[in-house]
Amino acid sequence: MKLHEYQSKALLRDRGVAVPEGHVATTAEEARSGAAKLFDAGSARVAVKAQVHAGGRGKGGGIKLASSADEAAQFAAAMLGSQLVTPQTGPEGVAVNQVYIEAGADIANELYVALTLDRGRGCPVVIASAEGGMDIEEVADTNPDAIVREHCEPGWGLRSFQATRLAYRLGLTGKAARGVAATMMKLSHAYRDLDASLAEINPLVITGDDGVIALDAKFDIDDNALYRHPELTALRDTSEEEPLEMEAAEHSLSYVALDGTVGCMVNGAGLAMGTMDEISNAGGFPANFLDVGGGASVERVASAFRILMKGERVSAVLINIFGGIVRCDRVAKGVIEALNTVAVDVPIVVRLQGTNAKEGREILRGSDVEFIVAETLHEAAEKAVAAASGQAEA
Amino acid sequence: MKLHEYQSKALLRDRGVAVPEGHVATTAEEARSGAAKLFDAGSARVAVKAQVHAGGRGKGGGIKLASSADEAAQFAAAMLGSQLVTPQTGPEGVAVNQVYIEAGADIANELYVALTLDRGRGCPVVIASAEGGMDIEEVADTNPDAIVREHCEPGWGLRSFQATRLAYRLGLTGKAARGVAATMMKLSHAYRDLDASLAEINPLVITGDDGVIALDAKFDIDDNALYRHPELTALRDTSEEEPLEMEAAEHSLSYVALDGTVGCMVNGAGLAMGTMDEISNAGGFPANFLDVGGGASVERVASAFRILMKGERVSAVLINIFGGIVRCDRVAKGVIEALNTVAVDVPIVVRLQGTNAKEGREILRGSDVEFIVAETLHEAAEKAVAAASGQAEA
Amino acid sequence: MSIFVDSDSRIVVQGITGSEGAFHTQQCREYGTNVVAGVTPGKGGLLFQDEVPIFNTVIEAVEATGADVSMIFVPPPFAADAVMEAADAGVRLAICITEGIPTLDMVDVVGYCNARGTRLIGPNCPGVITPGQCKVGIMPGFVHKEGRVGVISRSGTLTYEAVDQLTRVGLGQTTCIGIGGDPVIGTTHRDCLERFAEDEKTEAVVMIGEIGGSGEEEAAAYIADDYPLPVIAFIAGQTAPPGKRMGHAGAIIAGGKGTAAEKMKALREAGAHVVESPSEIGAKALEVLGP
Amino acid sequence: MSIFVDSDSRIVVQGITGSEGAFHTQQCREYGTNVVAGVTPGKGGLLFQDEVPIFNTVIEAVEATGADVSMIFVPPPFAADAVMEAADAGVRLAICITEGIPTLDMVDVVGYCNARGTRLIGPNCPGVITPGQCKVGIMPGFVHKEGRVGVISRSGTLTYEAVDQLTRVGLGQTTCIGIGGDPVIGTTHRDCLERFAEDEKTEAVVMIGEIGGSGEEEAAAYIADDYPLPVIAFIAGQTAPPGKRMGHAGAIIAGGKGTAAEKMKALREAGAHVVESPSEIGAKALEVLGP
C-alpha cells in the first residue's frame, strides 16, 4: 500500500524528523487559505504539490512554487481534477484529488535517503546518495559511486555507527553529519515500526544553517502486515488503484489487467504466469493474470469469471487448473455453476490436470455449456489463441 | 536505584499490565480518603502497604488488610513514621514515609515472575514459579523444580513462544496461560526499556475469572543507565539510602560503611577489597570500603577523608595507593593538603606503591603531619590494625 | 538418496489442529510420512487421528518424540514466532507453508534460523517431497515418482505441472522442493543446487524460477562455476508487466530489475538448458538425460 | 610468546582525541605499542601527535592501516556503539576501557561481537599488556616485566599490585589481562585460561577474582578438568557484606551468591593454589614455579 507525501511526512514528524509546515487541500480555496497561513508564518514561497502515488511529479508539472496565496490557489485549481502524467504513470496519467501546500525550505544541499529490502541479503538496506532530488535508479546508472549503503541485520537493525558512517561517506561533517545520521536512525525505526517495504526521503535537505529537513517523503507499506496497522490501513487512497484489481482482492483473487485478448483463469501464481507465457509463445496475448488460489470455490470461480469478462478486449477464455489438493471435478462443477450466473459470450478453453482431471473433463463434456477441452498446457494455449483470433472452429 | 511498589506499578500500568487501583498516602487522612474511594468503587477490602525498598514487608507487618476506610487510616497511622523491620532490613528497620492503599484482588492462583540478569550467560533471564508470594530464593532452596526460566538473547529479546512456553510449564492453560504469557512479554519490554536490573511481579495473580493482575511489583534500575531516563531519576527516594554513601557518590567516590575500626582509603575497587581482606587477615576489622578512583585529586582525597572520619568507630586510617597512571607524589601532596582542611585525630598509616612511590613517601615524611609509613600492603595492614588497637607506638 | 527429507525423517506439525494443518497432515500420513507429533498450544495431551500426540510446545514434542523436521501451518500473525520456536527447539529443518507473513517478520526469522543452524524452507511454499519416502507439504503426492531428477521451484502448481511432465516422460524425482514465493525465504535455489550436487542419486536438476529478486541470477553464477549436474530451467513471467505483483509477494519486477529475460540470459550463459515454454520442461529433461 | 597482543599488533584507538584517550595513547606509544590509527568522528584527516592518522570511522582506519586491535576510550553513552563499530569493521580484538556502560548495552555488544567473531575484552578494565612488546590499556607499564606468568584479573590496581609482587620476586609475565569489573564482560577468566594453556611461554597463571557473579566458579570447573598449568588464585572481597556494590558494578554478593568463600572453595577443590591474602600472590607464585 502506498502512502501520499503528506501522510508519510506526518508519520515522520511524529517520529521526530523535521518536515516543513504544510496543509492538505482538496479545493483551490483550501489551498489559498493553507498558503496564506504559511505566508503569514513567514514563508517567502510555498510549494503546491499534487498528492499522487506516482513518482516523478516534478517532471510532470505536479510541483509548483507560488509567491502568493492567490498564485498557490491558481496552481491548485489547475492541478485539482486534472490528470497528471509523470514518467511513472501511463500516458493517461492519474487524477489529482488533493494537493499539499507546503512552506519553502532554505536548501543548501540535497541528499537521497531510503530504506528498502535487499532481497539478496534478506534484510533491509539503507541507500543514500549525495545526489538528492534525483531518481535513485538514474544515479545508479550514471554515478553508482555516489550511492552508499548499510544493511540492517536481523536482530540488530541499523546501528548508530552505521548511520554515522553513511553520513561521513556522503561527505558531510559536523552538525549536518549528526543531523543526517539521526534522521537515518529515525527513518529506519519508522520503516520497521510501520512494516514498510519502502521508506524514502528524497530530497533530504541540509539547510543553510546545517539543519536537516525532509522535503519529500514516501512510504510503501507491506500489505501482509496491514492487519497490525489499522491506523495505516485507514490512510489507504484507492483512487489510483485499478478498480478490477481491487474487486479481485476483495474476493481473495489475485488479478492484474494486461493488454491482450486471452482471458486466463489459473490456480497458482506461478502456473498463472506460466500460462500467460505459453499463450505468448503460441502467438497470442494474455488479457490478464488471474490466480484463483487454492480454494477455487464456486463463489470464487464465479467472481473470477465476472472480473475476467470485464476486461474489454477478452475474446477467449483459458481455464487452466492443475488439481493438487483441489479436485478437478469440483472445479469443473464450480465452473458450470459459475457460468449460470455470469454471461460469457466468448469461447472457453478448459484444461484440467492432476487430481480427478478425467472426472472433471467428463463433467464439462456433459454440461450445456460448450467448452473447448485441452489435455496439455501447450494444447490449451494453442486452442485459446486460435479461439481468440476467431478460429475456434478451425 | 530501587523503585517503590507504587512507582513500579505505575510503570507497568503504562505498559498495559493490569494492576489494582491504588492511592499513595503520606498521612492517615490521605489513606482514609484513598481507601474510601476504593470502597466506593466496590472493593470489599483494601490493602495498606508500607512503601519501603526492602522486601519481606508482609512478614514485618508492612501489609495490612482493612475492611473500612477508618481501619485503613488506623493501619496507615500506625505504619507511617514507624521503623519497619523485615527479613531484608537490619534490626533497626527502615522508616515508613509513604503507604499505598490498594483495592483487594480476587485471588485464585499466585505466581512469581521476574526478569534479571543471568551473569553467567550474559543476558537477561525470565524466572517464573508457580509458588507466587514466596521469596524466589526460598523456592530455589525448597522446590527448585517449581522454577522455570527462559533467556532473552542479545538482539532477540524474549520471543512470544518463550513466554507461552513458560506459561505452559507453570501448568497454566487457556485464557490464564495467554494472559500470563502476554504479561511476561510486557514485563520484558519494560525491563529493557527502563534499563532495569530487576523487574519482579510477586505475586502475579490469576483471578477467579482467569484474569491476570500484578499484585506486587518491583523495579531496580541500572544506575549506569539513569542518564537516559530522567523520568526515572525523578522517582528516586533517598530516604532509605545510607547518607554517607550518598555523600560519597556525590563526590564520585565509592563508599560502603562497615562495622570495623580501620578506615580505608584506596585507589581502585579491587585493591580496596584486597586491603579490607588484608586488614582482616591481620586480625583487624575494616570500617569501610572506599575507592577514591583513578583521579584522586586534592578535592577528592579531602572529601574521602571527611566521609571516612564520619564513621563513628574509626580509630586508625589506612591509605593504600598503588600509583599507576596516577603519580604517588601527587597523591601525597593531596593527602597533606586535605589534612589541612579535615581534622583527623587518629593514626594514619600510608602505603604508597608504584609510580613515584619513593617521592611520595618523602613528601609525607617531610610534612607536619605524622604518618606511619609502610612499604608493603601486608606491613600497612599490620601497622593499621596495631594502630587501631592503640598499639601504634608499640 | 534424496535431500532434506527421507523415510527416516520424523515430522512434527505446528498448527496440526487447524483446518489446513489437519487436512494436510492426514494427506501426508496417507502418503506414508512419519508424522510423530503435533503442536497446538492449549491442546497438549490430546491425540490427532487417535494416534499422533499433540503437545503445547515444540520443545516438548521434540523431547518426547525425537522429531527433527517441522511442518508449519500456523496463521500469518503467529507464523514467524512458530518458526523461531521450531528453530529454538532444535529441529534441523523447518518447512513453513503459511502464506502472507509480513516481510520484516521473515527477515528476523531467517536471521534467527541461521544463528541456530536450522534450515528453513519457505514460507509461502508447497513444501518438500521425496517421492516414495516422505511428503512434507501440500503437493499432490500422486503426480510424483521416485527417480533421478531434483526439482526446485518458487511456485506450487507450476511445480506440479513440471513434475507431472517429468513423470509422464518416465523421469522420476529424487526430491522436489518448493522454496516459496516470498521476497525473503530461508532456502534459495542455490542452496538446493548445492545439496543436489552432493546427492548421489540426482542426475539432473529442474529449476523453475519466476520474475522478481535475484535468486535465479545467483543460482546461475553458481551453476557457471562448474556445476556437476545438468540444469533444465524455466522462468515464469516473461509476459509480466513491471511494477505489478504477480500473485506472489516476491514476483514483481521492481526498478526494472528481476525480469524473466535477465534471468533466462544469466542461466543460459551459465550453461543451463533454458526452455521458453513451461510445456517443454519434461521433454527437455528427457532430451538432456536420456530415457 | 604471549596471548591477545604482541609486537605485531596494530592498534586503532577509538576516542583518541578525548582527554583520556589522548593521554593513554601517548603512554602506550611511549611503551612501544604500535598505534597505527585513531578514530574520532568529525576529526578525520587530522594527525594525532603529528604522526597517527585520525579517521571518522573505524572501517576507514582498518582499511587504511590494517589495524587489528581496537582500544576504546569512548564515553559510556556511545561506548556500546563504538565496540559494535569495531566488531563490524573486522578488528579481531576490541579492548574497551570505558567504565559505566549500561549493562543491557553490554548484553547486546557481547552478542554482536560473538556473532562477528571479534573478541571483546572489558569493558571497565585496565586493558591488556604483553610486557616488552605491547601495552593496550591504562596500566603502568614499568611494573611489568617480560617472563613466564600469565595474569588475569577483574580489577585494575589490584592487578598492578599482583604484577608488582611477581616482578619483585623475579617472575616476569607473558601477558596480563584485566577482564573488567562489570556484570557482563566479553572475555572471562576461563577464556583467558584457555588461551594461556595454548601459549608455550606461559608456565603458570595468576588469577585474581572478586565477589559477584560466577566467573571464578566456571574457571574452577575448567581448571579441575586437567588444566595443564599451575594456577595461583586470590579472591578479593572476603570481608565484603552482601547486597552492597563494592565499587565495581559486578562486585556484589546478590541473593547470597558470589561470595569469596564459595569461589575460594571451588578454586581450591579444583587444585588451584589459593592465597588468603593479596600480599601472598608473588611469594606463592615463586613457591609454585621456583625461581
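Chain A is the first sequence line, chain B the second, and so forth, proteins listed ahead of strands; every chain is numbered from 1.
A salt bridge links B:R361 with B:E375: the closest approach of a Lys/Arg side-chain nitrogen to an acidic carboxylate oxygen falls below 4.0 angstrom. We find that B:E245 and D:K244 are joined by a salt bridge, their nearest charged nitrogen and carboxylate oxygen being less than 4.0 Å apart.
Contacts between D:Q238 and chain B at a heavy-atom distance below 4.5 Å involve backbone atoms as well as side-chain atoms. D:E276 touches chain B through backbone and side chain together, each having a heavy atom under 4.5 Å away. Heavy atoms closer than 4.5 Å to chain B are found nowhere in D:V110, neither backbone nor side chain. Within the 4.5 angstrom heavy-atom criterion, only backbone atoms of D:I101 (N, CA, C, O) approach chain B. Of the atoms belonging to D:E161, heavy atoms from both backbone and side chain fall under 4.5 Å from chain B. D:P76 touches chain B through its backbone: at least one of N, CA, C or O sits under 4.5 Å from a heavy atom, while the side chain does not. Only the side chain of D:F142 comes within less than 4.5 Å of a heavy atom in chain B; its backbone stays farther off. The contact between D:F234 and chain B is made entirely by side chain atoms (from C-beta outward), counting heavy-atom distances below 4.5 Å. For chain D, the nearby part of B:A196 is the backbone; its heavy atoms alone come within less than 4.5 Å. For D:I208, no part sits under 4.5 Å from any heavy atom of chain B, backbone or side chain. Of the two parts of B:R228, only the side chain, counted from C-beta on, holds a non-hydrogen atom closer than 4.5 Å to a non-hydrogen atom of chain D. For D:M139, the part lying under 4.5 angstrom from a heavy atom of chain B is the backbone only. At a 4.5 Å heavy-atom cutoff, the contact between D:S214 and chain B is made by side-chain atoms alone. Interface residue D:P77: backbone and side-chain heavy atoms are both found under 4.5 Å from chain B. Using a 4.5 Å cut-off between heavy atoms, B:T355 touches chain D through backbone and side chain atoms alike.
Here the closest heavy-atom approach between residue B:Y191 and residue B:T116 is recorded as OH-C, 3.4 Å.
Within 6.0 Å of NE2 in B:H378 there are 12 or fewer heavy atoms belonging to other residues, nucleotides or ligands.
At least one donor-acceptor pair closer than 3.5 Å links the side chain of B:N267 to the backbone N or O of B:F322. At distances below 3.5 Å, at least one donor-acceptor pair connects side-chain atoms of D:K135 with backbone N or O atoms of D:G137. Side-chain atoms of B:N356 never come within 3.5 Å of backbone atoms of B:E359 as a donor-acceptor pair (strictly under, hydrogens ignored).
Put simply, the residue from D:E30, D:R29, D:H24 that forms a side chain to side chain donor-acceptor pair (under 3.5 Å) with D:Q26 is D:E30. Considering D:K265, D:K263, D:R190 in turn, D:K263 is the only one that fulfils the salt bridge (charged side-chain N to carboxylate O under 4.0 Å, His left out) rule with D:E216.
Options B:L258, B:L271, B:D195 differ in how many heavy-atom pairs under 4.5 Å they form with chain D, and the most are formed by B:L271.
Residues B:D277 and D:T239 bring a donor and an acceptor atom of their side chains to less than 3.5 Å of each other.
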